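Source: prediction; values computed, not measured.
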Amino acid sequence: MNFVLHGYPVASGITIGYAHLVSTARLEVARYEVAESAIEAEVKRFDEAIRNAREGLDALKAHIPAGAPAEFEAFLNLHRMILDDSSLSEAPRAIIRGRRSNAEWALVEQMEKLTDRFDEIEDPYLRERKADVQQAVERVLKALMGAHTLPDPAPSEEQKLIVVAHDLSPADMILFKRHHFGGFVTDVGGVTSHTAIVARSLGIPAIVGLHHARQTISEGERLIVDGTLGVLVIDPDPIVLAEYRLRQSQLGLERQKLKRLKSTPAATLDGTPVELFANIELPQDVAEVLEAGAQGVGLFRTEFLFLNRDDLPSEDEQFEIYRRVARAMERQPVTIRTLDLGADKSINATARAGPNPALGLRAIRFCLAEPQMFLTQLRAILRASHYGKVRLLIPMLAHAHEIDQTLAAIGQAREFLDDQKIPYDRSIEVGGMIEVPAAALSLRAFMRRLDFLSIGTNDLIQYTLAIDRTDDTVAHLYDPLHPAVLHLVAHTIRTANRAKMPVAVCGEMAGDAAMTRLLLGFGLRQFSMHPAQLPAIKQRVLQSSIRDAAPLAARISRTDDPEKARRLLVQLNA
Ligand code: PEP
Ligand code: MG
């Protein structure tokens, strides 16, 4: 029987497959009764897991990298103290013995007893230590349960697995890059959250904001994910299944046709060349960038290298990764964005990002507050610049003094390399992301100090409309066609063009074919998007005339009526 759920489409295409339920709440553990004769073995298993977790922390402490934030060690010490406390390391033994519980259950039971007490504490600092107790417990749980097991990669076409989760963090999502899932669906999340962005980069259909998928669907149930419309069909009947199979093969053919455009230069009907770059999260994404025929990397989101690990990547490790990408791109530009940690992408040290992380110590703010970590990355990027055409991109700038401080840090990193006689590209370009309205409204201060601009429409929309991009309850208010957003985007492109300053769009708007003509009409000539989106955008560019698009785009940017903007956009795209 068909049962349909509606959510927000994240990555287009259709997948027909089977549900694989994934829980990120690692603390969701099953309870089972242990046989009387096995109780002491269970206690021993618990003790071993505690010992493993402690040893893991000690090993991390012994190898704290030079650029690690000052809090890192304190944070490890705190977790060690929590694991040493008898209320956690001994009390669960009594639960195992007294109630014949399995070790995982006993541990979580005891943890909940402890964390409930935290909720009653008035001091906000102490109250937040609840998260530390949970994280310390997660370490023990990981040791108890072993590594999270994922199904065998590359199941056959018909057995494609569709990940069904309540929520997935960007860090969880990036782990899925190693596996060949057929699709993703989640109950929560916004369409431009980083979870959605990574899902899109996997090139498989995905839907977020389905609300009740996780609780409605059973493991192994047949599903159809229509990532174009945001429709999830559970247990489809044969007629619906046949219909979707047909649609799926048509989409496959269209995709094959688009691939033929790989070496066709991107230019409009009236002969204006347009540069199409790719966004990447991990070095291995470069293969796809080359496959798509991109003219370079317009955005390398380096913070993903920092997720899913307990330590920080060293300068050498980062250097190797950046060099690998620079070399693979063979002198085509590689735009390496400095760390954009905070908000929905946090390492443990940024857990202190505050009550409103999107407005807190994120991106360049975090880097300037952690100069050692920032300098480590800057040195690594500069060193890699010797091996290709590397450019530096700074996220979330709002103040001129942040640019000045950043340039001073780059100067410091250069001095260090000069002293050590390490080569780097002395004319490396430094650009700034325009993703905070304050930046879009004070462009001159940016253009005086920087070599290029890149508009991050995902955050520009989030911050202009005051909508948390990760929150599905306000996702319906996330509107790229809001007059204020269009005004800021058009103004930034126009102002940069007048000053002959290179400007790109690297937010999701650049990969949306419905927006291509509008952006071309505004004067944009550089687009950066996921490699999978590139062929469709190239096709759109090839079918567009700037002479026709410019007047309509100007009308759209002038109107203060979103409905009229929508109507004009339909006309522009006709
Ligand atoms: C953006 O904000 O548009 C952008 C490209 O950066 P990110 O999505 O990584 O925040
Ligand atoms: Mg951004």
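In this structure, OH on Tyr322 lies 6.0 Å from CZ on Phe300, to the nearest 0.5 angstrom. Distance check: Ser193 OG to Asp471 CG gives 10.5 Å after rounding to the nearest 0.5 Å. Rounded to the nearest 0.5 Å, atoms CG (Leu251) and OG (Ser12) are 7.5 Å apart. The NZ atom of Lys421 sits 7.5 Å away from atom CG of Asp419, with the distance rounded to the nearest 0.5 Å. Taken from CG in Leu486 to CG in Leu519, the straight-line distance is 9.0 Å, to the nearest 0.5 Å. With values rounded to the nearest 0.5 angstrom, Ile455 atom CD1 is found 9.5 Å from Leu488 atom CG.
Nearest heavy atom pair, residue Leu572 against residue Arg517, reads O-NH1, 3.0 Å. The two atoms that bring Ala206 and Val225 nearest to each other are N-CG1, 4.3 Å, heavy atoms only. When all heavy atoms are compared, the tightest approach of Ala292 to Pro531 is CB-O, 3.6 Å. Minimum heavy-atom separation, Pro480 to Met515: CB-CE, 4.0 Å.
By the side chain to side chain contact (heavy atoms under 4.5 Å, CB included) test, Ala287 pairs with no residue at all, sequence neighbours left out. For the side chain to side chain contact (heavy atoms under 4.5 Å, CB included) test, residues two or more places apart in sequence or in another chain that qualify with Arg448 are Arg444, Ala445. The salt bridge (Lys or Arg N to Asp or Glu O under 4.0 Å) search around Glu508 returns Arg200, not counting sequence neighbours. Scanning for salt bridge (Lys or Arg N to Asp or Glu O under 4.0 Å) contacts around Glu429 gives Arg391, with sequence neighbours left out. With sequence neighbours left out, the side-chain hydrogen bond (donor to acceptor under 3.5 Å, both in side chains) criterion links Glu291 to no other residue. Here Leu407 pairs with Ile403, Ile410, Val430, Arg449 under the side chain to side chain contact (heavy atoms under 4.5 Å, CB included) rule; sequence neighbours left out. Checked against salt bridge (Lys or Arg N to Asp or Glu O under 4.0 Å), Glu320 has the following partners two or more places apart in sequence or in another chain: Arg323. Under the side chain to side chain contact (heavy atoms under 4.5 Å, CB included) criterion, Leu258 pairs with Leu261, Pro535, Ala536, Gln539, not counting sequence neighbours.
Between Ser314 and Asp316, the side chains place no donor N or O within less than 3.5 Å of an acceptor N or O (distance only, hydrogens not considered). Side-chain N/O atoms of Asn279 and Ser528 include a donor and acceptor closer than 3.5 Å. Side-chain N/O atoms of Arg540 and Asn573 include a donor and acceptor closer than 3.5 Å. Thr302 and Gln377 form a side-chain donor-acceptor contact under 3.5 Å, judged by distance and modelled atom types alone.
Among pairs with a residue in residues 275-285, those fulfilling salt bridge (Lys or Arg N to Asp or Glu O under 4.0 Å) read Lys177-Glu281, Lys177-Asp285, Glu281-Arg301, at least two apart in sequence or across chains. Sorted by first and then second residue, the salt bridge (Lys or Arg N to Asp or Glu O under 4.0 Å) pairs with a member in residues 451-466 read Arg362-Asp459, Asp459-Arg469; sequence neighbours excluded. Applying the side-chain hydrogen bond (donor to acceptor under 3.5 Å, both in side chains) test to residues at least two apart or on different chains, the pairs with a partner in residues 474-483 are Thr192-Tyr478, Asp479-Arg566. Applying the ring-ring contact (aromatic ring centres under 6.0 Å, His included) rule to pairs touching residues 432-452 yields nothing, sequence neighbours excluded.
Salt bridge present: Glu303 and Arg337 bring a charged side-chain N and a carboxylate O closer than 4.0 Å. For the pair Asp311 and Lys61, the salt-bridge criterion is not met [side-chain N within less than 4.0 Å of a carboxylate O]. In summary, Arg426 and Asp418 engage in a salt bridge, as defined by a charged side-chain N under 4.0 Å from a carboxylate O.
When each of Val325, Ile336, Thr335 is checked for a side-chain contact (heavy atoms from CB on, under 4.5 Å) with Val390, only Ile336 meets the rule.
At a threshold of 4.5 Å between non-hydrogen side-chain atoms, the residues Phe374 and Thr406 count as touching. Residues Thr338 and Leu378 are in side-chain contact: their nearest non-hydrogen atoms beyond the backbone lie under 4.5 Å apart. Side-chain contact between Leu443 and Arg494 is absent, with no heavy atoms from C-beta onward closer than 4.5 Å. Considering only heavy atoms from C-beta on, Asn497 stays 4.5 Å or farther from Arg525 through its side chain. With a 4.5 Å cut-off on side-chain heavy atoms, Leu465 and Leu477 do not count as touching. Within the 4.5 Å cutoff, the side chain of Leu460 has no heavy atoms near those of the Asn458 side chain. The shortest side-chain heavy-atom distance between Thr516 and Ile537 falls under the 4.5 Å cut-off. Taking the side chain as every heavy atom from C-beta outward, Val198 and Phe304 approach each other to under 4.5 Å.
Below 30°, between 30° and 60°, or above 60°: for Phe181 and Phe184 the angle between ring planes is above 60°, a perpendicular geometry.
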>> As a quick check of understanding, evaluate salt bridge (Lys or Arg N to Asp or Glu O under 4.0 Å) for Glu315 and Arg383, giving each step before the final call.
In response: CA-CA 10 Å; Glu315 179 180 323; Arg383 282 169 61 190; 2.7 Å; yes
